[in-house]
Number of protein chains: 2
Amino acid sequence: MRTYGQYCPLAKALDVIGDRWSLLIVRELLGRGPLRYTDIRNGLPGVATNLLADRLRELEEVGVIRREAAPPPIATTLFHLTPRGEELRSVVRALADWGAPLLGESVGGDVFRSDWVRYPAALYLKDTTPDGPPLTIEVRTGDEPMVIEAADGTVRTRPGPTQHPDAVLAGPPKLVIGVIAGKVSLSDATARGLHYEGDPTVLGRLQPHAL
Amino acid sequence: MRTYGQYCPLAKALDVIGDRWSLLIVRELLGRGPLRYTDIRNGLPGVATNLLADRLRELEEVGVIRREAAPPPIATTLFHLTPRGEELRSVVRALADWGAPLLGESVGGDVFRSDWVRYPAALYLKDTTPDGPPLTIEVRTGDEPMVIEAADGTVRTRPGPTQHPDAVLAGPPKLVIGVIAGKVSLSDATARGLHYEGDPTVLGRLQPHAL
DNA sequence: CAGCATCCGCTTTGATACTG
DNA sequence: CAGTATCAAAGCGGATGCTG
């Protein structure tokens, strides 16, 4: 393993998880739970399969992930994060916080997975009315619908459609994410092609940072 | 610039500061302030000079650093962090936090700069008696002496010797850092070659996590 | 000397094909 | 499904040379 050879905690961390793709693998496991090899690869368009195999082996050696034979009837190996790997959540969050402003400059052509609305939802949304009734917003962008749920003061995101959403956000990722993050106003976004159903105020309940 | 091509804040951040050496350059500027090209290179043993020039240009393009002609009599260009670059402090801190446990496994041969005692000092020390008299500890390891100062409830680290330190820590980096981080007891460390002067209890005042 | 640019040998990466 | 094998291209590290 290539190393910086410095007695410094930052350099040591980068020795271990600073290689290309490593943190994105961790992101996949943090966001989606234990995954199969193929699932990870599908989440990382452009990764070479041999390189993915290498990275998984390295991450296993340093104790970030662990492979486990899934019980029947799955009969495949699942890649899990170890507790030590879970601790990378704060690292991923810090990097994602810092990188969020860069999304605005994206011109398109970037791959997008609907799973990723979890990030802006987790970073920018908060239930400002925790005592209010449960709230569900269906988000349709990318490959599959996602649902943002607010209940008991916390905001959660999960895949799948929902029965009677209080609002529906549909359109290209940039607009959807822009609206969720409060970077684009709802009126601007709808004028630029966003489809919105439901009471516009329900979104406002979740956007304390939108001003 | 090579890019992951993903519409994801983590991927975007890694596109920009995920290349080899980039975050270590930021570390140098975060820890030591504006620096000359040569100073940065000296802080990064092993970096190829053309690669350093490349990285500095890239970091400048993405708005992380800024080069500025220093006023006379210095007559050289200084590399500064921009406000956007300063925001990487939380990223560096998260990574350093995560990487700190890896220092224990280091076998030696790693480069060490005395500047780096700032990290364990900042991470593991806290003034448990903010109303007490000011406290200074001189640390002698690596190339130059450092001083850890506690006053008004905060702990600061700066280079240079001091006049009448309450304690002196001298010896190899692993022992010095181990003691500061509370991972090695003072008695163990002195038995293994650490030189300690002064009242042993002064160190205890700064180590709330040492137990 | 400070701040690079050029060249060269080596390693890593990315794309594709193939296998148990 | 979960990789290994192969190979061209890009990136990296080290040495050296150039310019103010």
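So you know, we letter chains A, B, ... as the sequences are listed, proteins then strands, and number each from 1.
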- salt bridge (Lys or Arg N to Asp or Glu O under 4.0 Å), paired with A/E28, selected from A/R55, A/R41, A/R118, A/R113: A/R113

- Item | Between P of C/dT11 and CG of A/D19, the distance in whole Å | 16 Å

- Backbone N or O of A/D110 within a donor-acceptor pair of the B/Q6 side chain at under 3.5 Å? no

- Between C/dT11 (P) and B/L51 (CG): distance, integer Å: 17 Å

- Task: Could you walk me through whether B/Y7 and A/I177 pass the side chain to side chain contact (heavy atoms under 4.5 Å, CB included) test, one step at a time?
- Result: CA-CA 10 Å; B/Y7 197 77; A/I177 288 186; 3.6 Å; yes

- Item | Presence of A/R67 side-chain N/O under 4.0 Å of D/dG3 phosphate oxygens OP1/OP2 | yes

- Task: Give a yes/no on whether any side-chain N or O of A/R20 is located under 4.0 angstrom from OP1 or OP2 of D/dC12.
- Result: no

- Under 3.5 Å donor-acceptor, A/R140 side chain and A/H195 backbone: no

- Note on the structure: Heavy-atom nearest nucleotide on DNA chain C taken for B/D39 and for B/N50; more 5' hit belongs to B/D39

- Message: Within the supplied structure, the quantity of interest is the number of heavy atoms (other residues, nucleotides, ligands) at a distance under 6.0 Å from A/R84 CZ; does it exceed 12?
- Response: yes

- Item | Distance, rounded to the nearest Å, where B/D15 contributes CG and D/dG11 contributes P | 13 Å

- Message: Do A/H164 and A/T162 make a side-chain contact, defined as non-hydrogen atoms from C-beta onward lying under 4.5 Å apart?
- Response: no

- Within a radius of less than 6.0 Å around CG of A/D152, do more than 12 heavy atoms belonging to other residues, nucleotides or ligands occur? no

- Query: Given D/dC12, is OP1 or OP2 found less than 4.0 Å from the side-chain N or O atoms of B/W21?
  - Reply: no

- Candidate nucleotides C/dG3, D/dG3, C/dG14, ranked by approach to the side chain of A/T77 - the nearest: D/dG3

- Message: Identify the stems formed by DNA chain C, where each pair is Watson-Crick or G-U wobble with both distances under 3.5 angstrom and a stem is at least 3 consecutive pairs.
- Response: C:1-20 with D:1-20

- For B/T49, which contact category applies under a 4.0 Å heavy-atom criterion: base, sugar-phosphate, or nothing? base

- From the options C/dC7, C/dA15, C/dC4, select the nucleotide whose nearest atom is closest to the side chain of B/Y37. C/dC4

- B/R57 side chain N/O closer than 4.0 Å to the phosphate oxygens (OP1, OP2) of C/dA5? yes

